[in-house]
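All residue numbers in this chain count up from 1 along the given sequence. The shown structure was predicted, so the numbers you read here are calculated from the model rather than taken from an experiment.
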Amino acid sequence: MEVTEVLPTVETAKKLGLTEQEFQQINTILGRAPNFTELSIFSVMWSEHCSYKNSIFWLKTLPREGKKLLVGAGEENAGLVDIGDGIACAFKIESHNHPSAIEPYQGAATGVGGIHRDIFTMGARPIASLNSLRFGDLNLPNTRHLVKGVVHGIGDYGNCFGVPTVGGEVYFNSCYNQNILVNAMSVGVVKVGETVSARADGPGNPVFIVGSATGKDGIHGATFASADLTEDSAEDLPAVQVGDPFQEKLLLEASLEAIKTGAIIGMQDMGAAGITCSTSEMSAKSGTGMRIDLDKVPTRQSNMQAWEILLSESQERMLIVAKKGQEHLLLEVFDKWDLECEEIGVITDTGRLEYFHGGEQVADVPAQPLVLGGGAPVYQREFQKPAYMEQVARFKSADVPFPKNYFETANKLFNSPNIVSKRWIYEQYDSMVRTNTTTTNKPSDAAVVRVKGTTKALAMTTDCNSAYVFANPYVGAMIAVAEAARNIVCSGGEPVAITNCLNFGNPYNPEVYWQFVEAIKGMGDACRKFGTPVTGGNVSFYNQSVLKDKTEPVYPTPTIGMLGVLESGNAQMTLDFKNAGDHIYLIGNPTNDLGSSEYLRVIHGVEYSNAPVFDLNEEYDLQQQIKGLIKQKWAESVHDVSEGGLFVALMECAMVRNLGFKIETNDAFRKDAFLFGESQSRYVVSVREEKEESFLNFLNSGNVSFTKLGEVFGKNVLIDDENWGEVERWKSIYDNRLGEILEQ
């Protein structure tokens with residue numbers, strides 16, 4: 001965009017993503033018309049990506065207090081919880097959807113880099129990474145291209161940076177054909193009291209930019225992330241950042257070392273909106289201002305204009321406020337690590353951001369009105385129930401025809417990309433670097449990572465079945481929280497808190513906004529029930545594809561990243577069957593429900609159906625019982641029933657050690673619903689025969705429903721005395737199917 005001496009107009013503002021009303025509001029705030037640089041500053045800070053202007057009203061209804069919470073939502077770069085023994089855990093999840101859809105390798109890589117920086121700017125060392133990925137139809141060559149690019153981007157950045165990727169989830173649905181979702185989560189640990197705040201206290205204190213030089217990559221990336229993807233979005237490729245994991249590794253070590261010098265007042269990652277965001281948010285938090293000389297910012301290209309320097313989202317950069325008189329300590333550390341460390345400004349008491357370039361003041365704006373809660377717009381959009389919900393309401397499981405051959409049906413279902421192992425993906429991630437991960441050879445429903453120097457371990461997971469949310473946003477979001485808690489509990493942990501990544505379509509679409517509001521309500525109710533406050537995350541709107549005259553929002557996808565604590569790493573519970581002769585139980589109620597199951601989509605081609613049967617109180621009670629079984633050591637294995645239903649859960653328990661099983665279905669229920677339905681709050685548990693009496697007494701005392709299914713037996717799968725073949729055959733399909741599709 002050409003910059004002229006003429007002051008911007010409403011049309012200029014609209015091209016930058018602002019509305020006419022917002023343009024007038026900026027004029028009122030400044031008491032004059034903004035110049036182009038000032039308008040650019042407001043455009044990125046008031047973008048949905050930075051301001052949450054269309055979501056903050058509802059986000060504030062989520063529970064944000066908890067007994068272990070040290071830093072809550074919006075207070076710092078990431079949430080922080082106390083895990084005991086003087087150790088705190090910082091964790092957060094964020095999206096990098098649009099960049100990954102345009103340039104999958106760099107989009108995904110920089111998403112990983114950015115979320116790790118949010119963790120170590122607080123002084124915590126990242127110890128684990130997770131992700132949640134959504135792609136379109138795997139039969140499309142472009143989908144396979146996107147999968148490979150994203151996976152390589154995540155793997156290369158994480159492996160080079162030296163933080164293990166320990167868990168995640170991957171789903172495929174045609175609604176993501178053009179607009180994929182790439183959500184990245186980072187978890188780090190720090191001693192309590194040794195964290196750093198993202199503040200700009202103390203007028204007279206110097207301001208430094210550290211890390212990489214500033215280039216033209218990522219300019220207006222926040223604005224790009226706050227608009228629809230169209231057939232012309234590839235032209236926005238310069239809005240995609242370029243990452244360097246080796247540089248970030250140096251920045252990590254230098255930052256943690258610099259914190260120990262005591263010379264740092266505050267530090268913030270330069271993510272969305274770059275220098276603009278970090279200077280404004282740090283100043284607003286402290287009620288101070290800054291004078292910044294953009295000529296002192298190290299740049300990769302010559303003759304960069306002021307607005308380009310301010311809006312660049314070049315990676316691996318931090319803004320640091322140092323203690324006046326201790327600048328030399330900072331310089332010594334970053335010089336040791338061969339990183340840029342340039343003093344570019346000073347803290348003032350004016351509450352204003354004054355930017356200079358070429359010896360002239362190019363912008364003078366107040367800090368507070370730029371940020372959330374300080375004057376940025378807050379909207380409550382209209383919403384209405386989507387028309388497709390009428391089709392959902394008409395669905396009845398009883399109308400679904402029974403399979404003619406259950407063995408052939410199970411085979412077809414077991415070949416679904418949403419069911420089979422994602423081994424082709426996760427084998428490209430280093431899960432063992434730093435040697436803390438236990439779930440590499442001890443598979444459990446959540447990833448479990450030891451906290452070195454303590455007996456504790458952290459359990460972590462990312463969860464959301466967006467098909468459930470599409471069918472019923474309120475119930476589907478509750479299920480996402482419950483599934484995350486279930487995975488933590490099944491692994492022997494206690495759920496502590498969540499971070500979320502809320503991926504939705506255009507908020508100006510009333511039907512999309514209804515999905516968002518209902519999902520927030522469901523998430524809030526579930527978090528309150530499980531005592532897992534929301535520590536932060538991000539909202540990603542505008543996830544939809546615009547093809548000619550047709551707009552297709554993605555399924556509403558409120559991804560939950562949950563953290564749990566194991567007081568002892570030895571308390572970890574795994575999902576695999578252990579011994580022939582162990583008895584297998586289903587804890588929880590079977591139902592005749594088939595709603596939103598993979599079975600319905602794959603076998604019957606049903607797109608619109610109700611969300612699975614779910615009762616929040618029942619789920620909570622069952623989780624307490626599962627905790628007791630694990631604590632008393634009465635269970636040999638514990639695994640939750642999720643995608644693919646009971647049959648897939650049993651197979652996942654069997655395939656680890658190549659142990660077969662024989663079970664009987666229950667004549668009181670449809671056989672397809674019993675085996676393949678995805679009604680919630682069910683667990684597959686195995687128990688040794690000598691512990692069975694104590695096991696049953698405990699369950700009876702808790703007044704929960706349970707059914708004896710059968711026993712661990714041989715090397716084959718036997719269902720109702722019908723031999724469905726060797727476990728090894730099923731495992732071959734499970735392990736290799738996704739790779740076969742991707743390599744075709």
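With 3.5 Å as the limit, one finds no donor-acceptor pair spanning the side chains of Tyr513 and Gln384. Side-chain atoms of Asn610 and Asn472 include no donor-acceptor pair closer than 3.5 Å. Using modelled atom types, one finds no donor on one side chain facing an acceptor on the other under 3.5 Å when comparing Asp137 with Thr143. Using a 3.5 Å distance cut-off with no hydrogens or angles, the side chains of Tyr474 and Asp525 do pair a donor with an acceptor. If you check the side chains of Trp424 and Glu743, you find a donor sitting under 3.5 Å from an acceptor. With no hydrogens or angles considered, a side-chain donor-acceptor pair links Asn465 and Glu643 at under 3.5 Å. Inspection of the Ser679 and Thr591 side chains reveals an N or O donor paired with an N or O acceptor under 3.5 Å. In summary, the side chains of Ser466 and Tyr176 do present a donor paired with an acceptor at a separation below 3.5 Å, with no hydrogens or angles considered. Of the N and O atoms on the side chains of Glu678 and Ser597, not one donor lies less than 3.5 Å from an acceptor on the other residue. Side-chain contact check for Tyr599 and His604: at least one donor-acceptor pair (N or O, by modelled atom type) lies under 3.5 Å. Between the side chains of Asn97 and Asn503, at least one donor-acceptor pair of N or O atoms lies under 3.5 Å.
The backbone N or O of Gln428 lies less than 3.5 Å from a partner atom in the side chain of Asn159, making a donor-acceptor pair. Side chain of Asn179 to main chain of Gln544: a donor-acceptor pair is present (N/O by atom type, distance under 3.5 Å, no hydrogens or angles). Within the 3.5 Å criterion, the main-chain N or O of Leu138 finds a donor-acceptor partner in the side chain of Arg144. Between the side chain of His96 and the backbone N or O of Ala108, no donor-acceptor pair lies under 3.5 Å. Although no hydrogens or angles enter the test, the distance criterion places a donor-acceptor pair under 3.5 Å between the side chain of Asn543 and the main chain of Ser540. Under the 3.5 Å distance criterion, the side-chain polar atoms of Thr499 are matched with a main-chain donor or acceptor of Gly536. With hydrogens and angles ignored, the 3.5 Å screen pairs no side-chain donor or acceptor of Ser491 with any backbone N or O of Ser444. In this structure, Asn173 contributes its side chain and Cys175 its backbone to a donor-acceptor pair below 3.5 Å. A side-chain donor-acceptor contact under 3.5 Å links His98 to the backbone of Tyr542. A distance-only check finds a donor-acceptor pair linking the side chain of Ser397 to the backbone of Leu594 [under 3.5 Å].
With respect to His639, the side-chain hydrogen bond (donor to acceptor under 3.5 Å, both in side chains) criterion is satisfied by exactly one of Arg682, Glu652, Arg486: Glu652. For the side chain to side chain contact (heavy atoms under 4.5 Å, CB included) with Cys464, the qualifying choice from Val481, Ile560, Val469 is Val469, the only one to do so.
When the side chain to side chain contact (heavy atoms under 4.5 Å, CB included) test is applied to Pro104, the partners found at least two apart in sequence or on another chain are His145, Leu146, Val150.
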Give the C-alpha distance, both sets of side-chain angles, the deciding distance and a yes or no for side-chain hydrogen bond (donor to acceptor under 3.5 Å, both in side chains) between Asn183 and Ser95.
CA-CA 4 Å; Asn183 298 173; Ser95 64; 4.9 Å; no
Take Thr462 and Ile93 through the side-chain contact (heavy atoms from CB on, under 4.5 Å) test and state the conclusion after the steps.
CA-CA 9 Å; Thr462 56; Ile93 190 170; 4.2 Å; yes
Could you give me the CA-CA distance, side-chain angles and deciding distance for Glu316 and Asp244, then say whether side-chain contact (heavy atoms from CB on, under 4.5 Å) is met?
CA-CA 7 Å; Glu316 292 87 39; Asp244 183 344; 3.8 Å; yes
Is there a side-chain contact (heavy atoms from CB on, under 4.5 Å) between Val187 and Ile119 once you walk through the steps?
CA-CA 7 Å; Val187 179; Ile119 300 303; over 6 Å; no
Set out, in order, the CA-CA distance, both residues' side-chain angles and the distance that settles side-chain contact (heavy atoms from CB on, under 4.5 Å) for Phe530 and Glu619, then state yes or no.
CA-CA 10 Å; Phe530 293 113; Glu619 174 72 41; 3.8 Å; yes
Does the pair Asn538 and Glu94 meet the rule for a side-chain hydrogen bond (donor to acceptor under 3.5 Å, both in side chains), with working shown?
CA-CA 6 Å; Asn538 87 313; Glu94 283 197 340; 5.3 Å; no
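The two residues Pro63 and Cys527 have their closest heavy-atom pair at CG-CB, 3.6 Å. Across every non-hydrogen atom of Val166 and Ala128, the tightest pair is CG2-CB, 3.9 Å. Across every non-hydrogen atom of Gly114 and Asp269, the tightest pair is O-OD2, 3.9 Å. Counting all heavy atoms, side chain and backbone alike, Pro553 lies closest to Gly505 at CB-CA, 4.3 Å.
Aromatic ring centroids of Phe470 and Tyr388 lie under 6.0 Å apart. Separation of the Trp46 and Tyr52 ring centroids does not fall under the 6.0 Å cut-off. Aromatic rings from Phe504 and Phe516 are positioned such that their centres are separated by under 6.0 Å.
Look at Glu169 and Arg134 and you find a salt bridge, because one of the NZ, NE, NH1 or NH2 atoms lies within 4.0 Å of a carboxylate O, short of that distance. By the 4.0 Å N-to-carboxylate-O rule, Arg117 lies close enough to Glu248 to be salt-bridged with it.
Within a 6.0 Å sphere centred on CD of Gln744, other residues, nucleotides and ligands contribute more than 12 heavy atoms.
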Using atom types as modelled, flag every donor-acceptor pair under 3.5 Å from a side chain in residues 410-419 to any protein atom, sequence neighbours excluded.
{"from": "Asn411", "atom 1": "OD1", "to": "Arg729", "atom 2": "NH1", "distance (Å)": "3.3"}
{"from": "Asn411", "atom 1": "OD1", "to": "Arg729", "atom 2": "NH2", "distance (Å)": "3.0"}
{"from": "Asn411", "atom 1": "ND2", "to": "Phe407", "atom 2": "O", "distance (Å)": "3.1"}
{"from": "Asn415", "atom 1": "ND2", "to": "Asn411", "atom 2": "O", "distance (Å)": "2.8"}
{"from": "Ser416", "atom 1": "OG", "to": "Asn418", "atom 2": "N", "distance (Å)": "3.2"}
{"from": "Ser416", "atom 1": "OG", "to": "Glu598", "atom 2": "OE2", "distance (Å)": "2.6"}
{"from": "Asn418", "atom 1": "OD1", "to": "Phe172", "atom 2": "N", "distance (Å)": "2.7"}
{"from": "Asn418", "atom 1": "ND2", "to": "Phe172", "atom 2": "O", "distance (Å)": "3.1"}
{"from": "Asn418", "atom 1": "ND2", "to": "Glu598", "atom 2": "OE2", "distance (Å)": "3.3"}

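Going from atom CZ of Arg423 over to atom CZ of Arg737 covers 14.5 Å, rounded to the nearest 0.5 Å. Rounding to the nearest 0.5 angstrom, the gap separating the CD1 atom in Ile498 from the CD1 atom in Ile488 is 11.5 Å.
With contacts defined as side-chain heavy-atom distances shorter than 4.5 Å, the pair Tyr105/Asp156 qualifies.
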